[in-house]
Amino acid sequence: MPTTSEINAFLAQVKSSITAKNFQILDNRYKYISTLAQLGIVKQDVLDDISNLSTNENWIKEPDNNPSFPGDVWKCKKQLHGACIYIKLKIRVSNGNALLIMSYHIDGM
């Protein structure tokens, strides 16, 4: 489990990337599209939800097992819009510290 200071540093990068519009959402995936449709939310809601994440979530930090995306991934689950949402994020250092939103979908979907 990451430390509070690691989480704070990560979340600062996340918020900075969103503010600077330096992010990519893997939004062509069925789970993402289906989640937005089921919950009646839009991309901006996803960005707002991610911007509002805190150290209070149960964060897991682990190496990414996809060689195309070296580095750590950060995962958490949070109750949002009446559902438990699985969120998986990464800061892509090799891409100017861009935020990669790898997953945002109803847990267990």
Side-chain angles (χ1 to χ4, degrees):
M1 189 161 132
T3 66
T4 301
S5 65
E6 285 178 306
I7 297 168
N8 279 328
F10 173 72
L11 291 175
Q13 287 182 304
V14 166
K15 291 172 188 178
S16 175
S17 293
I18 290 173
T19 300
K21 299 192 182 323
N22 186 22
F23 63 85
Q24 176 187 1
I25 302 175
L26 300 182
D27 57 3
N28 61 346
R29 295 180 173 183
Y30 170 79
K31 290 180 183 182
Y32 175 82
I33 295 166
S34 180
T35 292
L36 269 58
Q38 286 182 46
L39 300 179
I41 61 175
V42 295
K43 176 181 166 182
Q44 188 58 52
D45 295 316
V46 172
L47 295 172
D48 292 344
D49 291 344
I50 291 171
S51 291
N52 290 322
L53 293 171
S54 73
T55 57
N56 297 329
E57 316 329 323
N58 290 320
W59 287 102
I60 297 171
K61 174 186 165 188
E62 60 190 24
D64 194 339
N65 61 3
N66 183 340
S68 299
F69 301 104
D72 293 326
V73 292
W74 292 73
K75 304 175 190 178
C76 74
K77 295 178 184 179
K78 182 168 182 155
Q79 282 295 127
L80 296 162
H81 312 284
C84 181
I85 302 295
Y86 172 81
I87 300 169
K88 183 173 160 182
L89 308 170
K90 166 181 233 140
I91 298 294
R92 295 177 67 190
V93 177
S94 63
N95 196 15
N97 289 333
L99 171 64
L100 180 61
I101 301 170
M102 302 169 80
S103 294
Y104 180 102
H105 60 78
I106 296 171
D107 190 36
M109 178 181 275

Compare all side-chain heavy atoms of I91 with those of L99 and state whether any distance is below 4.5 angstrom. yes
For the pair I101 and Y32, evaluate side-chain contact (heavy atoms from CB on, under 4.5 Å) and give the outcome as yes or no after the intermediate values. CA-CA 10 Å; I101 301 170; Y32 175 82; 5.8 Å; no
Same cluster (ILVMFWY, side-chain, under 4.5 Å), I33 and L36: yes
side-chain contact (heavy atoms from CB on, under 4.5 Å) assessment of L53 paired with V14: CA-CA 9 Å; L53 293 171; V14 166; over 6 Å; no
Heavy-atom closest contact (C84 atom, K77 atom, distance): SG-CB, 3.9 Å
D27 and V46: side-chain contact (heavy atoms from CB on, under 4.5 Å), yes or no, with the steps? CA-CA 11 Å; D27 57 3; V46 172; over 6 Å; no
Check for a donor-acceptor pair, side chain of T35 on one end and backbone N or O of I106 on the other, with a separation under 3.5 Å. yes
Same apolar cluster (I L V M F W Y, side chains within < 4.5 Å links), M109/L89: yes
Pairs in or reaching into residues 32-55: which pass salt bridge (charged side-chain N to carboxylate O under 4.0 Å, His left out), with residues at least two apart or in two chains? none
Residues two or more places apart in sequence or in another chain: which of them pass side chain to side chain contact (heavy atoms under 4.5 Å, CB included) with T4? N8, T55
Listed partners of K31 passing salt bridge (Lys or Arg N to Asp or Glu O under 4.0 Å), at least two apart: none
Would you check if the side chain of R92 reaches a backbone N or O of G71 as a donor-acceptor pair within less than 3.5 Å? no
Strictly distance-based, threshold 3.5 Å: is any side-chain N or O of W59 a donor or acceptor partner for the main-chain N or O of S54? yes
S17 side chain to Q13 main-chain N or O, any donor-acceptor pair under 3.5 Å? yes
Pair listing, ring-ring contact (aromatic ring centres under 6.0 Å, His included) test, anchored in residues 85-109, at least two apart: Y86-H105
Keeping to residues at least two apart or across chains, list the salt bridge (charged side-chain N to carboxylate O under 4.0 Å, His left out) pairs with something in residues 53-71. E6-K61, E57-K78, K61-D72, E62-K75, D64-K90
To the nearest 0.5 Å, atom SG of C76 lies from atom CG of N56 at 11.0 Å
Residues passing the side-chain hydrogen bond (donor to acceptor under 3.5 Å, both in side chains) test with S34, sequence neighbours excluded, are Q38
Could you measure the distance from the CZ atom of F23 to the CG atom of L47? Nearest 0.5 Å is fine. 4.5 Å
Check the hydrophobic clustering (I, L, V, M, F, W, Y; side-chain heavy atoms under 4.5 Å; chains of links allowed) and say if L26 and V73 are grouped together. yes
From I60 CD1 over to N58 CG, what is the distance, rounded to the nearest 0.5 angstrom? 8.0 Å
Can a donor-acceptor pair be found, under 3.5 Å and without considering hydrogens, that links the side chain of N22 to the backbone of G96? yes
